[in-house]
Each structure stands twice: as C-alpha cells, then as structure tokens.
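These notes concern the structure reproduced below.
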2 protein chains.
Amino acid sequence: MTKPKAAKPDARAKLLDAAFNVIRAKGYCATSVDDLCRAAGVTKGAFFHHFKSKEDLGVAAADCWAEMTGIFFATAPYHDHEDPLERVLGYLDFRRTILQGEVREFTCLVGTMVQETYDTAPAIRDACEACISDHAAKIEADIAAALDHANLKPDWSAKSLALHSQAVLQGAFILAKAQGGAEIAVDSIDHLQRYIRLLFNRL
Amino acid sequence: MTKPKAAKPDARAKLLDAAFNVIRAKGYCATSVDDLCRAAGVTKGAFFHHFKSKEDLGVAAADCWAEMTGIFFATAPYHDHEDPLERVLGYLDFRRTILQGEVREFTCLVGTMVQETYDTAPAIRDACEACISDHAAKIEADIAAALDHANLKPDWSAKSLALHSQAVLQGAFILAKAQGGAEIAVDSIDHLQRYIRLLFNRL
DNA sequence: AAAAATACCAACCGGTTGGTATGTTGTCAA
DNA sequence: TTGACAACATACCAACCGGTTGGTATTTTT
C-alpha cells in the first residue's frame, strides 16, 4: 500500500473535468475516449465503468457543466444589487471580467458541444439546450423584474431578451475562436449592455 | 460516348457542395472523407486527387463558401436603398428571410467549422476568420456611411458594431441548433435591429 | 500523332476508434 | 473469515479512419 488510493469515485470527476477542458479545445468529436482518459490519468476500463458510452459522457458533462456554472453564477456578487436592472447589467459586467486566459478556457462547453451534436446525438443536444435555457431563465427573471420596476410593457418579452443575451455571448465566443482573442467578445458585451441601457432609458 | 462527361473538374465542385451540406449537419470532424465521397457520388481517389488532405478540403470549403455567400449577399436587393442605414437594416431583414427550412440548411459553414478547428487546424481557422471578417467589412462600410450621414461620432466603432452583428447571427445559430428551430434566431435579429434603430434614433 | 498532364477509380494499408471481456484490488457488511 | 460489490486496470477486438497505391480513361500540349 505505497499509494493511499482515494475511496471516492475519483475517476468520474477527473474524467468530467478533463472533458470540460479537452472538449472546449478540440471539440466533442475530435476528443477521443483515449484523449479523455489520458488527460484524466485513468484507464479506459475506468471510463466505461462510469459512462456506458462516449455519448453518455457527453450528456453527463453537459449536466455537470450546468450544475457547476449554475453555482458559479448564483454565488457571483452582481446579485447584491437591489435594482433588478443593475443585476442584469452586473451580470454582463461579470461575464466580461471572466473573459481571461486562453480562448478555450473561457468559452462555453455546451455551446461547443451542441453545434456538433444537434443533428446526430439528441441526448447531448437536449442536455445542452436545458443548460442554456435554465441559465437564460435566471436572467429572464431579473429582466422581468426590471421591466416591472420601470413600469415598462414593451413589444418584446423578457424571455426573448434573455435568450438574445445568450446568443450574443455564444456568438462572441465563435468570433473569439476565429480571431484568437477575447477582444471581440468584450466589444460585443459592450454593445449588448448599451442596448439594454437604451431599452430602459438608463444612460 | 453515351454519357457526355463534363470537361470541367466535376468531382471537386460536387465534393465542395457535399461539404457544405454534410459538415453543416454533422460538423467537420464527424464528417468522414467517405461521407463526403458518398454524398458527392465520387470515389476516394477523386477526393485525394483534388484535395491533398481532409484539412485541405476544409480550407477550400471555407474559401468557396466565402466566395459563394459574397456573391449571394452582393446581389441581394437591400443594396438598392440610398440611405445607408436602410441598407444595414435591410441586410438584417434579408438575413431574417433566409432562415427557412431545416436548421442545417440556413446555418453558417464557417461558424460551424471554426468552432471545431480553431485550436487544431490553423489553416481552416484562418480561412473561416477571413470569411467572417470580409463579410463584416461590407456591413461596416454601410454602418460607417450611416454614421457619416447622420453626423454621429459615437464612442463605438462601425467595425465593432459590424462584428457584433455577426456575433448575434452566429450565436442565434447555436441557439437554433439547441432548440431545433429558427424562432430564436428571428427574435435575436429583431433585437439587433431594435438596437441599431436606437443607436441612430430611427424608431 | 506522340507525349504529358489531368481526372478519376477500386483496392488496399496501418493506425485509431468506441467498445468489451476479463481480471485485480480495496471496502464493508454479515 | 468470507462473500459481495464497487472501482478500477489490462488486454483485446472489429469497424472505421485518413491516406496511398497502381492503374485507366480522357484531355491538353507539343
């Protein structure tokens, strides 16, 4: 017993963490099971002990990503604002500040995966869709509150603006990947914030 | 001579056309050379006669896509407007009207490819980046003209707004893939148009 | 008409793929 | 002590992958 082995299902967590990093860099399809095992430091036997297939890993990764980012954003400081509109703008401030490091480090796992799998792996697509929708729903709540607070009844819905904000972020990631830097993403968030301020006459 | 064979390199064009459709549906990596050959109705020998590798096909597909869409948008009716702002808004109207049919039919080839290859195939990434940049540059020209026409000197650049519009479109495609429909993309273009109208006080 | 280049094809190759079958080891309840 | 079971590891497989081969038919050049 030279090495005190961890009792907890260690390999599963390591594989999911590896999936986050490798898939965001190479994409879902180009990431082989061997790649994942190598990055996680486990064997193939461990992989197929915890996941019944590569697709199953994809679904689990999307679910785990949803949970992880859910906690990450729920505990972010922008929720402290009393004014709901400030929470929405603070959310976007926060998203801008996390655009650090390499492109593969700040881009979105589920946005990457759903583009490759939407037509071939419905289970992964659904898991990614749920992740995006759930996240958008949280922003929608603040937008709706901001509309209520400002006594506005516009011809667009809080939900559509929440989803639009996700589209802007996902699209900004694609351009960042194309250009090899976060600058375009920063600019795009600036534009989105300016749009929201204009909608609420808060300049 | 029962079949009058085309003198022109036929297989190459058929392979590129197949690439447009298959890659947009399955993604670049998941599309095998055999898939392409099957869809194009040619053999593998023909493939590697015209393209020295799969990556070379990817670059050629991006270049061909850039040329094709360049002509497509250059000949679209929205250029007829004398008012440059109307051309910008007309461009977005046009982009909305082409959101027809299956998701894989209206989404963007280079946006799909660059996400998978940005970290592993620089040649493909560069070709995709060039396609997006060139397209954005055309919209930038109309935005710049609109700013000039309205005598505006805002704290954002025409270029950043042009790139933002591409981010919105690319992001809308991702959400459309996740949700399996074009509705979100329509809504997102609505928001983008509303933003531009607000920027130019044209409501 | 000869020579050279182009366009294409069927068969094949070695390596990689996702996945499986069969151990081995540590943990814990009976 | 033992038996059951989870958590891995090792060895292996058939299918598929991108790419190569040697060849033929056609077109272009000389």
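Chain A is the first sequence line, chain B the second, and so forth, proteins listed ahead of strands; every chain is numbered from 1.
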**OP:** Verify, without hydrogens or angle tests, whether B:E116 (side chain) and B:Y28 (backbone) share a donor-acceptor contact under 3.5 angstrom.
**Re:** yes
**OP:** Figure out the CZ/P separation between A:F48 and D:dC8, and round it to whole Å.
**Re:** 16 Å
Original post:
Given D:dC17, C:dA7, C:dG18, which nucleotide is nearest the side-chain atoms of B:H50?
Top reply: C:dA7
Subject >> Residues A:Y195 and B:R194: side-chain donor-acceptor under 3.5 angstrom >> reply: yes
Original post:
Want to settle it: does A:T31 or B:V42 sit nearer the 5' end of DNA chain C, counting the closest nucleotide to each?
Top reply: B:V42
Original post:
Quick one: B:K14 NZ to C:dC8 C1', roughly how many Å, whole number?
Top reply: 11 Å
Subject >> Under 3.5 Å donor-acceptor, A:D187 side chain and A:I184 backbone >> reply: no
Subject >> Closest approach of B:D35 to B:K26 (non-hydrogen atoms, all atoms of both residues) >> reply: OD2-NZ, 2.9 Å
Original post:
If you measure from the Lys or Arg side-chain nitrogens to the Asp or Glu carboxylate oxygens, is any gap between B:E102 and B:R24 under 4.0 Å?
Top reply: no
Original post:
Taking atom P of D:dT10 as reference, at what distance in whole Å does atom CZ of A:F47 sit?
Top reply: 18 Å
Original post:
For residues 53-65 of chain A, which residues have at least one heavy atom under 4.0 Å from DNA chain C?
Top reply: A:S53, A:K54
**OP:** Let me know the distance between NE2 of A:H49 and C1' of C:dG19, rounded to the nearest Å.
**Re:** 16 Å
**OP:** Ignoring the backbone of A:V33, work out which of D:dG19, D:dC17, C:dG18 is nearest its side chain.
**Re:** C:dG18
Subject >> Interatomic distance where CG belongs to A:D10 and P belongs to D:dC8 [whole Å] >> reply: 6 Å
Original post:
So A:H135 and A:F73, would you call those rings parallel, tilted or perpendicular, with 30° and 60° as cut-offs?
Top reply: tilted
**OP:** Let me know the distance between CG of A:D35 and C1' of C:dG18, rounded to the nearest Å.
**Re:** 12 Å
**OP:** Determine the contact category for B:T43: base if any of its heavy atoms lies under 4.0 Å from a base atom, sugar-phosphate if only primed atoms, P, OP1 or OP2 are that close, otherwise nothing.
**Re:** base
**OP:** Could you tell me whether the phosphate oxygens of D:dC17, OP1 or OP2, come under 4.0 Å of any side-chain nitrogen or oxygen in B:S32?
**Re:** yes
